[in-house]
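Single-structure report; data block below.
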Amino acid sequence: MSEPSLYERLGGVFAIAAVIDHFSDAVVQNPIVGQKSENPALREWHTNNLGRLPGLKFMRTLWVCNVAGGPFQFSATRPGSTVLGLEEAHRELKISPEEFDEVAAELGRTLDFVKVPQQEKDEVLAAFAAHKGEVTEGYAAVAAASR
């Protein structure tokens, strides 16, 4: 018998959706990457685009289900040079590596809040961290251009 997938160990789509709901709301309130962020693009998104938050929660849920080995397929809303298109979805936000790390920390706090076991928490955070370069590509391009 094979070991259950990360998707199964996380509790499936309903458990993952609950985590994403909590996480997404926490990011909006986070002082570094949310409504009070020093990054004007993040501050703007988390203040004036909250009507899009339910859709973002849906897309994040699909993404986690997909990377965790579940039966759902994530498709990029803005296809890019990578399969997931995360670089295009985040380019205009100009997310710095430090801001990315804060979002990862918020995800870790959410996983702790819902009492996800350490092994699964580590796997989720590793899957998230694997896309740091894509998500921060817009920031890196601006930084490189200003040199």
Side-chain angles (χ1 to χ4, degrees), residues 5-7 9-13 15-114 116-147:
S5 67
L6 176 58
Y7 172 82
R9 290 180 283 131
L10 289 171
V13 67
I16 292 169
V19 167
I20 295 302
D21 185 57
H22 183 277
F23 162 71
S24 297
D25 291 344
V27 169
V28 169
Q29 298 302 315
N30 184 290
I32 297 170
V33 295
Q35 292 177 327
K36 297 189 189 298
S37 176
E38 291 182 17
N39 176 329
L42 287 175
R43 188 173 58 246
E44 164 79 15
W45 200 101
H46 289 112
T47 303
N48 297 325
N49 290 312
L50 291 181
R52 295 188 63 187
L53 189 58
L56 180 58
K57 289 178 180 183
F58 174 74
M59 296 301 290
R60 286 174 173 166
T61 299
L62 283 178
W63 183 81
V64 173
C65 288
N66 189 184
V67 300
F72 300 96
Q73 186 64 44
F74 174 86
S75 296
T77 55
R78 290 181 171 172
S81 60
T82 63
V83 174
L84 298 178
L86 297 178
E87 73 285 2
E88 293 307 322
H90 296 88
R91 183 176 306 284
E92 292 173 8
L93 297 174
K94 297 175 182 60
I95 297 169
S96 71
E98 296 77 19
E99 290 164 340
F100 181 93
D101 292 344
E102 181 59 26
V103 173
E106 196 66 69
L107 179 57
R109 289 189 287 272
T110 294
L111 294 169
D112 288 341
F113 177 80
V114 298
V116 169
Q118 190 65 47
Q119 178 182 337
E120 287 74 16
K121 176 184 173 183
D122 291 346
E123 289 178 49
V124 169
L125 292 175
F128 187 84
H131 299 283
K132 184 174 183 174
E134 296 161 56
V135 172
T136 60
E137 194 173 291
Y139 176 87
V142 171
S146 66
R147 287 186 198 148

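The figures here come from the full heavy-atom set of this structure, side chains too, leaving out hydrogens, waters and symmetry mates. For clarity, every value in this text was computed on a predicted model and none was experimentally measured.
For the side-chain hydrogen bond (donor to acceptor under 3.5 Å, both in side chains) test, residues two or more places apart in sequence or in another chain that qualify with Ser5 are Glu8. Not counting sequence neighbours, the partners of Val19 by the side-chain contact (heavy atoms from CB on, under 4.5 Å) test are Thr110, Leu111, Val114. Taking Gln29 as the reference, nothing meets the side-chain hydrogen bond (donor to acceptor under 3.5 Å, both in side chains) condition, with sequence neighbours excluded. Applying the salt bridge (Lys or Arg N to Asp or Glu O under 4.0 Å) criterion to Asp122, with sequence neighbours excluded, gives no partner residue. Partners of Phe72 according to the side-chain contact (heavy atoms from CB on, under 4.5 Å) rule, which considers only residues two or more places apart in sequence or in another chain, are Tyr7, Val13, Leu62, Cys65. Every residue meeting the salt bridge (Lys or Arg N to Asp or Glu O under 4.0 Å) condition with Arg109, not counting sequence neighbours, appears here in chain and number order: Glu102, Glu106. Residues satisfying the salt bridge (Lys or Arg N to Asp or Glu O under 4.0 Å) criterion with Glu98, sequence neighbours excluded, are absent altogether. The ring-ring contact (aromatic ring centres under 6.0 Å, His included) search around Phe100 returns Phe128, not counting sequence neighbours. Every side-chain contact (heavy atoms from CB on, under 4.5 Å) that Asp21 has, sequence neighbours left out, goes to Asp25, Lys57.
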Could you walk me through whether Ser96 and Thr136 satisfy the side-chain contact (heavy atoms from CB on, under 4.5 Å) test, starting with their C-alpha distance in whole Å, then the side-chain angles of each, then the deciding distance to 0.1 Å, before giving a yes or no? CA-CA 6 Å; Ser96 71; Thr136 60; over 6 Å; no
Would you sort out whether Lys132 and Asp101 count as a side-chain contact (heavy atoms from CB on, under 4.5 Å), showing the intermediate values? CA-CA 8 Å; Lys132 184 174 183 174; Asp101 292 344; 2.7 Å; yes
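Within the model, atoms CG of Leu6 and CD of Gln119 stand 8.5 Å from one another, a figure rounded to the nearest 0.5 Å. Here CG of Asn49 is found 11.0 Å from CG of Leu42. Values are rounded to the nearest 0.5 Å. Put simply, CD on Glu120 and CG on Leu125 are 11.5 Å apart, with the number rounded to the nearest 0.5 Å.
Under the salt bridge (Lys or Arg N to Asp or Glu O under 4.0 Å) criterion, no residue pair touches residues 58-72, with sequence neighbours excluded. Residues in residues 21-47 take part in these ring-ring contact (aromatic ring centres under 6.0 Å, His included) pairs, two or more places apart or across chains: His22-Phe113. Every pair passing side chain to side chain donor-acceptor pair (under 3.5 Å) that includes a residue from residues 34-43 is listed here, sequence neighbours excluded: Asn39-Glu99.
Inter-residue side-chain proximity for Leu56 and Ser24 is flagged as unmet; no heavy-atom pair is nearer than 4.5 Å. Within the 4.5 Å cutoff, side-chain heavy atoms of Glu137 are placed close to those of Arg91.
Partner Trp63 forms a side-chain contact (heavy atoms from CB on, under 4.5 Å) with one of Val67, Thr61, Asn66 and no other, that one being Val67.
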